[in-house]
Amino acid sequence: EEGAFSHVSVYVHLMSSANEEQLSWPLIGKVKLQLINFRGDYNHIEKVVHFTESAESSQKVYKGSHTDKGVIGMLAEGIPKFVAHEDLAYNSQLETEYLKDDMLIFRVTYIEDMTENFE
């Protein structure tokens with residue numbers, strides 16, 4: 001798989017919730033993610049995951065889970081090479097550190113729903 005053993009891959013799976021009426025389903029739009037720099041509120045790694053009907057297959061993953069009701073599928077879109085493993089450690093020149101105490105922190109900074117533009 002693309003990015004396996006060399007990169008952190010990030011995939012977003014949108015699920016229904018109590019606030020689901022705020023987004024169109026299925027979502028056509030984008031979700032902006034940040035990998036947080038533990039050294040300060042700067043130099044975060046920011047990428048955008050696009051939810052489109054024609055997203056490249058390399059950006060999609062499908063995982064089936066077995067339950068007592070059969071196989072439930074989960075489709076997610078994402079970035080197979082979000083950041084290289086070598087870029088996670090402390091970098092004194094850039095003053096960045098993304099991996100600390102075996103932990104990465106991601107945050108969603110923006111969701112744009114563009115579904116009505118495609119209807």
Side-chain angles (χ1 to χ4, degrees):
E1 294 182 29
E2 187 179 358
F5 306 108
S6 64
H7 288 75
V8 173
S9 301
V10 176
Y11 292 89
V12 177
H13 172 73
L14 299 176
M15 299 174 62
S16 61
S17 72
N19 299 314
E20 68 181 35
E21 70 278 350
Q22 294 179 12
L23 293 174
S24 302
W25 295 95
L27 176 71
I28 296 176
K30 56 188 174 183
V31 175
K32 193 181 294 185
L33 302 169
Q34 283 185 341
L35 174 58
I36 302 303
N37 175 15
F38 281 100
R39 292 283 165 175
D41 197 16
Y42 53 86
N43 290 344
H44 305 304
I45 297 176
E46 188 170 83
K47 305 269 174 106
V48 176
V49 175
H50 296 273
F51 285 83
T52 67
E53 293 179 18
S54 62
E56 296 178 28
S57 60
S58 66
Q59 294 179 312
K60 294 185 181 199
V61 295
Y62 179 82
K63 180 180 179 186
S65 298
H66 294 279
T67 69
D68 58 346
K69 297 180 182 177
V71 177
I72 295 176
M74 181 178 90
L75 182 64
E77 305 236 15
I79 303 165
K81 291 184 175 181
F82 192 90
V83 61
H85 291 166
E86 61 196 34
D87 295 334
L88 296 173
Y90 175 63
N91 181 318
S92 60
Q93 291 179 328
L94 297 175
E95 194 61 26
T96 58
E97 184 175 22
Y98 302 104
L99 177 64
K100 186 173 182 179
D101 299 328
D102 293 330
M103 180 174 47
L104 299 172
I105 296 179
F106 290 88
R107 70 177 161 203
V108 174
T109 61
Y110 181 77
I111 299 175
E112 182 177 359
D113 184 351
M114 300 182 303
T115 305
E116 61 187 43
N117 296 341
F118 293 91
E119 292 177 351

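The structure displayed is predicted, hence computed values, not measured ones.
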For the residue pair [X] and [Y], what are the closest heavy atoms and their distance?
X    : Y   : answer
V49  : V12 : CG2-CG2, 4.0 Å
E77  : H50 : OE1-O, 3.2 Å
V83  : L35 : CG1-CD2, 3.8 Å
G78  : P80 : O-CD, 3.8 Å
F106 : V8  : CZ-CG1, 4.1 Å

### Query
By salt bridge (charged side-chain N to carboxylate O under 4.0 Å, His left out), which residues pair with D102, not counting sequence neighbours?
none
### Message
Under the side chain to side chain donor-acceptor pair (under 3.5 Å) definition, can you give me all pairs with a residue in residues 85-94, not counting sequence neighbours?
### Response
Y90-E95
### Query
Under the 4.5 Å side-chain heavy-atom rule for ILVMFWY, direct or indirect, which residues accompany F38?
I36, M103, I105
### Members sharing Y110's hydrophobic cluster (side chains within less than 4.5 Å)
none
Side-chain donor-acceptor pairs under 3.5 Å in residues 26-34, sequence neighbours left out?
unit_1: Q34; atom_1: OE1; unit_2: R107; atom_2: NE; d: 2.7
unit_1: Q34; atom_1: OE1; unit_2: R107; atom_2: NH2; d: 2.9
unit_1: Q34; atom_1: NE2; unit_2: E46; atom_2: OE2; d: 2.9

### Task
Measure the CG-CD distance between N43 and E97 for me, rounded to the nearest 0.5 Å.
13.0 Å
#### Entry: side-chain contact (heavy atoms from CB on, under 4.5 Å) evaluation trace for R39 with T96
CA-CA 6 Å; R39 292 283 165 175; T96 58; 5.6 Å; no
### Message
Looking at H7, is its backbone amide N or carbonyl O close enough to the side chain of K81 to form a donor-acceptor pair, meaning the two atoms are under 3.5 Å apart?
### Response
no
### Query
Linking I/L/V/M/F/W/Y whenever their side-chain heavy atoms sit closer than 4.5 Å, directly or via other members, would V108 and I45 fall into one cluster?
yes
